[in-house]
Amino acid sequence: MHFSTVALFGRYQDSGMDGPLRELAKVLEQAHVNVLIEQATADNTQVHEYPTASVEEIGQTADLAIVMGGDGTMLGVARTLARYNVPLVGINHGRLGFITDIPVDRSIDAVKSVLEGKYESECRTLLEGSIIRDGKVLTSALALNDVVLNRAGRGGMIEISVDYNNEHMYKQRADGLIVSTPTGSTAYSLSANGPILHPTVNAFLLVPVAPQTLSNRPIAVPSDGVLTLTLSEISRAGTGANVHFDMQTWSDLQEGDQIVVKKASHQIEFLHPIGYSFFSTLRQKLHWNIMPEVTDKDG
């Protein structure tokens with residue numbers, strides 16, 4: 001794959017983002033690549049030496065997007081660029097970095113390798129969620145990590161009825177329910193005791209959040225089906241319910257509203273340096289295989 005135009009995104013809330021962005025842009029220039037800086041990134045970092053463009057304009061003109069920030073930054077960029085089929089490279093300028101996997105101190109060498117064609121490509125599934133009331137679609141949105149139906153405020157539980165391909169699965173009372181992609185299995189789903197799925201697994205996770213009955217356990221279903229979550233009851237003590245599409249929130253749900261979740265028609269393509277390993281990432285981020293030090297007092 002030849003890259004003639006590369007766009008740069010940065011988590012501009014971080015201080016000192018201008019320096020790494022300029023360094024990356026210089027590397028791209030030296031490789032005779034056209035550089036675009038995403039408009040909000042340029043405005044907030046004062047990196048104005050290069051042409052700027054909106055996310056939509058980048059989708060129409062760029063061959064590659066490099067995202068410097070945390071996973072939250074990557075989620076927003078990925079959802080917007082998905083329909084344009086622009087591959088993404090993630091440089092970790094945040095904390096965990098499951099999908100922004102390149103450490104910032106290795107970013108220059110990694111980008112040079114990608115420009116030389118030395119990379120591995122990986123496609124990730126997205127969710128498309130729609131909120132339906134009385135047969136009418138109120139809103140639809142994409143999610144790379146998860147679609148979450150949960151209670152609003154500190155009130156009582158909500159009751160959720162779940163169907164898969166029009167077949168009833170169960171009804172449960174809980175604080176909420178997470179529908180997660182394999183990518184999202186290391187996000188909110190993980191903190192709710194859901195299992196980790198390898199990115200190539202063709203499945204979605206349903207993970208209850210603080211269910212009333214402990215027998216309500218996470219379950220994986222094939223990703224080619226359609227899930228329908230019906231908000232069958234909101235506790236009188238509660239203040240309502242919300243739906244979250246990654247970081248996008250829809251409030252003020254009503255009893256009887258349905259959230260229909262299915263695989264999106266677009267995928268996200270991530271480019272990784274040669275030698276990238278999902279299991280290596282898990283070992284590093286989750287501190288697997290780190291043995292405690294043994295002292296004399298331990299015998």
Quiz item: Does a side-chain heavy-atom distance below 4.5 Å link E255 with S232?
Solution: no
Quiz item: With side chains defined as the heavy atoms from C-beta onward, is the minimum distance between T125 and T183 less than 4.5 Å?
Solution: no
Nearest 0.5 angstrom please: [X] [atom1] to [Y] [atom2], how far?
X	Y	atom1	atom2	result
L190	K285	CG	NZ	14.0 Å
L115	H2	CG	NE2	9.5 Å
Y170	R217	OH	CZ	11.5 Å
W288	L282	CH2	CG	4.5 Å
I160	M169	CD1	CE	12.0 Å
Y50	L21	OH	CG	10.0 Å

Quiz item: So, does T80 use its side chain to make a donor-acceptor pair with the main chain of G76 at under 3.5 Å?
Solution: yes
Same cluster or not: are [X] and [Y] linked, directly or through other Ile, Leu, Val, Met, Phe, Trp or Tyr residues, by side-chain heavy atoms under 4.5 angstrom apart?
X	Y	value
L75	I178	no
V209	L205	yes
I259	W250	yes
V207	Y164	no
I234	L177	yes

Give a yes or no on whether [X] atom [atom1] has more than 12 heavy-atom contacts from other residues, nucleotides or ligands under 6.0 Å away.
X	atom1	result
R133	CZ	yes
I274	CD1	yes
Q30	CD	yes
H48	NE2	yes
N166	CG	no

Practice problem: Mind listing the closest non-hydrogen atom pair of A241 and I158 along with its distance? | Solution: CB-CG2, 4.3 Å
Quiz prompt | Contact summary for L126 and H266, nearest pair of heavy atoms | solution = CD1-O, 3.3 Å
Any side-chain donor paired with an acceptor under 3.5 Å for [X] and [Y]?
X	Y	answer
T100	D71	yes
T61	E57	no
Q39	T52	yes
S223	N202	no
S130	S140	yes

Quiz item: Should the pair H272 and F270 be assigned to parallel (<30°), tilted (30 to 60°) or perpendicular (>60°) ring geometry?
Solution: tilted
Exercise. Would you sort out whether Q258 and T228 count as a side-chain hydrogen bond (donor to acceptor under 3.5 Å, both in side chains), showing the intermediate values?
Key: CA-CA 6 Å; Q258 294 182 321; T228 302; 5.8 Å; no
Exercise. Let me see the working for E49 and R22 under salt bridge (charged side-chain N to carboxylate O under 4.0 Å, His left out), right down to the final yes or no.
Key: CA-CA 9 Å; E49 305 94 299; R22 286 190 169 97; 2.5 Å; yes
Exercise. Verify side chain to side chain contact (heavy atoms under 4.5 Å, CB included) between T41 and L8, making sure each step is shown before the conclusion.
Key: CA-CA 8 Å; T41 299; L8 298 182; over 6 Å; no
Quiz item: Would K263 and D224 pass as an ion pair if we require N to O under 4.0 Å?
Solution: no
Quiz item: Should the pair R124-E269 be classified as a salt bridge under the 4.0 Å nitrogen-to-oxygen rule?
Solution: no
Exercise. Determine whether the aromatic ring centres of F279 and H198 lie less than 6.0 Å apart.
Key: yes
